[in-house]
**Q** 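Can you keep this structure in mind? I'll have questions shortly.
Numbers for residues simply follow the sequence, beginning at 1.
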Amino acid sequence: MFGSVAATAEEAGAALPGDDLVPDADVVMDRAFTLNATADDVWPWFVQLGKRRAGWYLPRVVERLIPQGRRGIRHLDPALQSLAVSDVIPDWGGRDATFTVARLEPPHVLVHTSRRGRTLLSWAIVLRDVPDGTRLQLRLRMAPVKRPWLAATFGDLIDAATVAGLAAGLRERVSRERR
């Protein structure tokens, strides 16, 4: 159910859209996975992602443990398909936490920014066509970070688990939607 979300060394070393938004990042977390679908099929799921939108996608087996009202939706919702640069999306990182859409190039690039206290974040989602579907790379950049070693270890574990859940949840949803 949960596959690897490890980015290759080549992916982690490549420049991505949005890197310039937090150029001197203290912490960079790269994740990547492949979905057996086209970028056009995957893109709408990322457009509607977010708190008070479609939620965060997790696999059904995990969502059974979450109250029904907090589960991610399992279909594409036309009402959530509108997204533009400068749109603000609530986030789970705290009561006032949000992401702002900084870059939007459908169906391949979505970059969000956020500020958490004095720390600036960028979160790039890049979809690349590959022979067996779409390769998704997610990069989180943060600066300044008070304790980079803590974010790079503990935060990295949380990021890996979160993206692994997202990947598994997307696999379920995309394959269901394509049927």
**Q** Okay, side chain of E172, backbone of R60: is any donor-acceptor separation there less than 3.5 Å?
**A**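 Yes, E172 side chain to R60 backbone: donor-acceptor pair under 3.5 Å.
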
**Q** Do R141 and L21 come within less than 4.5 Å of each other through their side chains, counting heavy atoms only?
**A**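 Contact flag for R141/L21 side chains = no.
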
**Q** Please give me the minimum heavy-atom distance between A6 and R135, naming the atom from each residue.
**A**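 It is O-NH2, 3.7 Å.
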
**Q** Taking ring-ring contact (aromatic ring centres under 6.0 Å, His included) as the definition, give me every residue that meets it alongside F33, ordered by chain and number, with sequence neighbours left out.
**A**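 ring-ring contact (aromatic ring centres under 6.0 Å, His included) list for F33, sorted by chain: empty.
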
**Q** Taking all non-hydrogen atoms of both residues into account, name the closest pair between A39 and H108 and its distance.
**A**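 Where A39 meets H108 most closely, the heavy atoms are CB-CE1, 3.8 Å.
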
**Q** Indicate the atoms forming the closest heavy-atom contact of G18 with V111, along with that distance.
**A**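 Shortest heavy-atom separation between G18 and V111 comes out as CA-CG1, 3.9 Å.
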
**Q** Do L110 and L80 sit in one hydrophobic cluster, given that two such residues count as connected whenever their side-chain heavy atoms are within less than 4.5 Å of each other, even indirectly?
**A**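 Result: no, two separate clusters.
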
**Q** Does the S114 side chain pair with the main chain of T98, one donor and one acceptor, at a distance under 3.5 Å?
**A**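 Flag set: sc S114 to bb T98 pair under 3.5 Å.
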
**Q** Using a 3.5 Å distance criterion without hydrogens, assess whether the side chain of D30 forms a donor-acceptor pair with backbone atoms of A7.
**A**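 Checking the backbone N and O of A7 against the side chain of D30, no donor-acceptor pair under 3.5 Å is found.
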
**Q** Between F99 and W123, what is the ring plane arrangement, given parallel below 30°, perpendicular above 60°, and tilted in between?
**A**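 Tilted: the ring planes of F99 and W123 meet at 30° to 60°.
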
**Q** Can you name the one residue among R115, K51, R53, R116 that meets salt bridge (Lys or Arg N to Asp or Glu O under 4.0 Å) with D91?
**A**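 So the option named by the test is R116.
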
**Q** Atom OG1 of T34 and atom CG of L136: how far apart are they, to the nearest 0.5 Å?
**A**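 Those atoms lie 7.5 Å apart.
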
**Q** With respect to E63, which candidate in R71, R74, R70 satisfies the salt bridge (Lys or Arg N to Asp or Glu O under 4.0 Å) definition?
**A**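 Exactly one candidate clears the test, R74.
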
**Q** Give me the atom names and distance for the closest heavy-atom approach of M29 to A151.
**A**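 Minimum heavy-atom contact is CE-O, 3.2 Å.
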
**Q** Okay, side chain of R139, backbone of V28: is any donor-acceptor separation there less than 3.5 Å?
**A**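 Side chain of R139 to backbone of V28: no pair is present.
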
**Q** Show the nearest heavy-atom pair for residues D132 and N36, with the distance to one decimal.
**A**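 Heavy atoms only, the tightest pair is O-OD1, 3.3 Å.
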
**Q** Distance-only, no hydrogens or angles: does the T119 side chain make a donor-acceptor pair with backbone N or O of P144 under 3.5 Å?
**A**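 Answer holds: yes.
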
**Q** Output the distance between atom CG (L127) and atom CG (D41), rounded to the nearest 0.5 Å.
**A**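 Nearest 0.5 Å value for the CG-CG distance: 11.0 Å.
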
**Q** Could you see if L120 belongs to whatever hydrophobic cluster contains I125? Use Ile, Leu, Val, Met, Phe, Trp, Tyr and a side-chain cutoff under 4.5 Å.
**A**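 L120 and I125: separate clusters.
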
**Q** Checking Q137 side chain against A124 main chain: does a donor-acceptor pair fall under 3.5 Å?
**A**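 Here the side-chain-to-backbone pair does not exist.
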
**Q** Rounded to the nearest 0.5 Å, what separation is found between the CH2 atom of W43 and the CG atom of L83?
**A**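 Going from the CH2 atom of W43 to the CG atom of L83 covers 7.5 Å.
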
**Q** Could you tell me whether the side chain of T134 and the main chain of A37 form a donor-acceptor pair under 3.5 Å?
**A**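 Checking the backbone N and O of A37 against the side chain of T134, a donor-acceptor pair under 3.5 Å is found.
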
**Q** Between V126 and V174, is there a shared hydrophobic cluster once you connect ILVMFWY residues whose side-chain heavy atoms come closer than 4.5 Å?
**A**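 No.
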
**Q** Would you say the side-chain atoms of H112 pair up with the backbone N or O of T100, donor to acceptor, closer than 3.5 Å?
**A**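 Between the backbone of T100 and the side chain of H112 there is no qualifying donor-acceptor contact (under 3.5 Å).
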
**Q** Return the CD1 to CG distance between I66 and L58, rounded to the nearest 0.5 Å.
**A**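 Going from the CD1 atom of I66 to the CG atom of L58 covers 5.0 Å.
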
**Q** L49 and W45: same hydrophobic cluster, using ILVMFWY side-chain contacts below 4.5 Å?
**A**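 In one cluster: yes.
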
**Q** Under a single-linkage definition using a 4.5 Å side-chain heavy-atom cutoff for Ile, Leu, Val, Met, Phe, Trp and Tyr, are I89 and L121 assigned to the same hydrophobic cluster?
**A**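 Result: yes, single cluster for both.
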
**Q** Looking at I73, is its backbone amide N or carbonyl O close enough to the side chain of R173 to form a donor-acceptor pair, meaning the two atoms are under 3.5 Å apart?
**A**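 Indeed, once roles are kept as given, a pair shorter than 3.5 Å links the two residues.
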
**Q** Working to the nearest 0.5 Å, report the span between CZ of R171 and CG of L35.
**A**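 Separation between the atoms: 5.5 Å.
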
**Q** Identify every side-chain donor-acceptor pair in residues 153-163 under 3.5 Å, counting partners at least two apart or on other chains, and give the distances.
**A**
from : atom 1 : to   : atom 2 : distance (Å)
T153 : OG1    : W149 : O      : 2.8
T153 : OG1    : L150 : O      : 3.3
D156 : OD1    : R31  : NH2    : 2.5
D159 : OD2    : R31  : NE     : 3.0
T162 : OG1    : I158 : O      : 2.7

**Q** Taking all non-hydrogen atoms of both residues into account, name the closest pair between A84 and L104 and its distance.
**A**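 Closest heavy-atom pair between A84 and L104: CA-CD2, 3.8 Å.
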
**Q** Give me the one residue out of D19, V22, D20 that meets side-chain contact (heavy atoms from CB on, under 4.5 Å) with S122.
**A**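 For S122, the side-chain contact (heavy atoms from CB on, under 4.5 Å) test succeeds with only one of D19, V22, D20, which is V22.
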
